Each structure stands twice: as structure tokens, then as C-alpha cells.
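Fair warning: this is a prediction, and the values are worked out from it, not measured in the lab.
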Amino acid sequence: MQALNCLKDESYMNTEIDNKEKDYLAEATKKAFQGKPMSDKSIDNAFSIYREKKAQTGEGIPENKQAVLALSKSVMKCNIFRKRRRRRIVRISLSSTFAAFAVIILICILSLRTPTKPNEPSWKSSLTIAHVDYTSLDEEESVSIQQINQDYKAEFYWLDNMEKTNTSFFYYKKELILIEESYLYNNIPCTLYIMNNNTIISGLKIDFIVENDYYLNSNGIFIYIKKQNTFHQCVFNSNYKYFLIIDSIDSTIVEPILSSINKN
């Protein structure tokens, strides 16, 4: 069909070639490419087909000179068209291949940068690692840690049997960095901080190295205790690092508070 159009669109097809001759030329041009990709012998094939067709109809030779010229130009034009089309297809195919290859590389890079554990609950990777100042964080009030555990099947630790006064999420550049929950124990303020094990937040009154006493609570949590000038700092690890600040130097209240640490 393309070969036929190549011939019919030619401006050099003048009135000296009658309609029957044009049909012969169109058929010869079309058949010259049948069953073959592109051939340097296309013109020879076209002439052979053209002459065979004239012989079958009894018209024979002499050949119409204008028809011979038109046939040559028609086949050459179709050959050029086919070559251009082939180059375009190859170019598009190569572009698609490179694009697909680039996407695969990008996926591999991202998977290396952000490794995932297929069966790990999402709450275990909810707190982003950061080295920031406490004052640079954006605070957002939240439901209690206990409610978060119930709603999302999480297992964050919190202080049971105590009066909860506030729960907040802290964000840095829209990434969750810190969970903070405040309590009262016999009117003594206590604050629980939860962050990634590798996170450092300056501006909090907590130490990352605890060298003093330790306590094993009823849930089997091993807790380090450090007495400061005006408060107790308690630290333990379980998926995340937990800091509990008890605003009192009264050591007798530490054990009952730590015994209330729970995740149910």
C-alpha cells in the first residue's frame, strides 16, 4: 500500500502514461518489495514484474519511456522511504531500551539507599534518623501512645497506671523524628521520649551515655538509671531508644514508675 502511494503521488506521472500503464507500474512497484525487507535489486525486480505483466496482456515491447522513467523513480523513492522508516524505528527502539535501562538502574539505586524488610511492621521504621536541635522541630499533638498501639498494632512502650497529660509528635522537614508523652505520678512530672537509636537531638536534658544503676522491671525490660542534680534519667532500648525523665531526686519513686512501663 505504501509503495502504491509512492507511485500515485508522483508529480512526474503525466498524461503520456495511460491509466492501464499506471496500474502496471503501481503493481510492479508494490510487488518489488513483497516478502523482502529492502533490496538493492528492487528496481530490477520491478522491471521484471512490469515486463511480465505487459507480456501476459499481449502488449509486449516497446515499453513506454515515460513509464520506464516513472517506474525507476517510484521504486527509488519507496526505497528511500523504507530506509528512513527503518532508521526511525531503530532509533525509537534504542531510545526505549536506554530509557528502560535507566529506570532499572534508578530502582536499584533507590533500593540500595532505602533497604526494606519485607515482613517488618511499618511502625518499626516510622521514626527517621536525624541529628537536629530540639527547637528546630515542629510539634503536633497526637493521641496517646496506647491509642496508637491499638489503632496501628504497634508496640511502643508507654507508662501505664499514670495520669497522661500530653502526647506530641515532633517533625523535622515533614519527617517524624520524636514521640514525646508526659505524665504525672503523685503530681511529679515524668516525660517519655521515643526516638531512633541513631538519632541525636540537642536541647533535650538527656544524656546518651548512662553509667549508673540499672533496673529490671516486671516486663523484663533492662533499664539504666542515672541520677542527675534535679531529676532521674532512665534509658532502655527496644526497636527504638526510650528516655524517661522523672523530675525528682527522690529515688524511692523510681522503681514504681519503671514498673508501669508497658506496651499492651
Side-chain angles (χ1 to χ4, degrees), residues 115-132 134 137 139 141-170 176-264:
T116 58
K117 297 180 181 179
N119 299 318
E120 184 176 272
S122 59
W123 72 271
K124 289 188 176 181
S125 57
S126 59
L127 293 175
T128 303
I129 300 173
H131 292 188
V132 295
Y134 185 68
L137 301 178
E139 182 177 2
E141 287 193 11
S142 170
V143 297
S144 68
I145 295 175
Q146 181 185 17
Q147 190 63 48
I148 293 171
N149 286 351
Q150 292 176 0
D151 293 345
Y152 300 100
K153 296 182 179 179
E155 296 180 3
F156 290 111
Y157 284 96
W158 53 286
L159 300 182
D160 199 1
N161 301 319
M162 291 176 61
E163 180 185 351
K164 183 184 74 66
T165 58
N166 182 69
T167 305
S168 294
F169 281 4
F170 287 83
L176 181 59
I177 304 297
L178 174 70
I179 298 175
E180 179 182 308
E181 189 159 82
S182 301
Y183 308 85
L184 287 177
Y185 177 80
N186 294 336
N187 293 321
I188 297 173
C190 302
T191 306
L192 180 66
Y193 300 97
I194 309 173
M195 65 186 73
N196 194 288
N197 286 307
N198 298 308
T199 288
I200 298 176
I201 303 177
S202 58
L204 290 179
K205 54 178 183 179
I206 56 178
D207 292 333
F208 282 77
I209 300 176
V210 180
E211 301 173 344
N212 289 46
D213 298 331
Y214 61 88
Y215 172 78
L216 184 65
N217 83 345
S218 57
N219 288 317
I221 305 171
F222 192 80
I223 306 169
Y224 287 98
I225 306 168
K226 184 174 183 178
K227 187 176 182 179
Q228 310 281 50
N229 292 330
T230 59
F231 62 91
H232 283 85
Q233 173 183 292
C234 308
V235 181
F236 66 94
N237 288 67
S238 179
N239 295 308
Y240 290 116
K241 182 167 285 188
Y242 293 76
F243 291 89
L244 175 61
I245 304 299
I246 302 172
D247 285 342
S248 173
I249 57 173
D250 182 2
S251 299
T252 62
I253 67 170
V254 174
E255 183 175 338
I257 291 175
L258 296 183
S259 66
S260 68
I261 293 176
N262 196 358
K263 64 178 179 180
N264 298 321

Note to self: Can you confirm whether L184 is buried at CG, in the sense that more than 12 heavy atoms of other residues, nucleotides or ligands lie under 6.0 Å from that atom?
What the structure shows: yes

Open item on the list: Tell me whether Y214 at atom OH has more than 12 heavy atoms from other residues, nucleotides or ligands lying less than 6.0 Å away.
Closed with: no

Note: M195 and Y240 closest approach over all heavy atoms is O-CB, 3.3 Å

Smallest heavy-atom separation, L176 atom then F170 atom, equals CD1-O, 3.6 Å

Would you please test I245 and Y193 for side chain to side chain contact (heavy atoms under 4.5 Å, CB included) and show each step?
CA-CA 8 Å; I245 304 299; Y193 300 97; 3.8 Å; yes

Stepwise side chain to side chain contact (heavy atoms under 4.5 Å, CB included) test for I261 and N219: CA-CA 8 Å; I261 293 176; N219 288 317; 5.6 Å; no

Given the rule in the side chain to side chain contact (heavy atoms under 4.5 Å, CB included) test, do I257 and V254 qualify, once you have shown the distances and angles that lead to the verdict? CA-CA 5 Å; I257 291 175; V254 174; over 6 Å; no

At what distance, to the nearest 0.5 angstrom, does [atom1] of [X] lie from [atom2] of [Y]?
| X | Y | atom1 | atom2 | result |
| --- | --- | --- | --- | --- |
| F169 | I148 | CZ | CD1 | 3.5 Å |
| N187 | E163 | CG | CD | 8.0 Å |
| L244 | E181 | CG | CD | 11.0 Å |
| Y157 | I221 | OH | CD1 | 4.0 Å |
| K124 | S238 | NZ | OG | 8.0 Å |
| N166 | E180 | CG | CD | 7.0 Å |

Just so I know, are the side chains of [X] and [Y] near enough to count as touching, which here means a heavy-atom distance under 4.5 Å?
| X | Y | answer |
| --- | --- | --- |
| I223 | L216 | no |
| I194 | I145 | yes |
| K153 | P121 | no |
| S259 | Y215 | yes |
| W158 | S144 | no |

Worksheet entry | Test log, rule side chain to side chain contact (heavy atoms under 4.5 Å, CB included), inputs T165 and Y183 | CA-CA 5 Å; T165 58; Y183 308 85; 5.8 Å; no

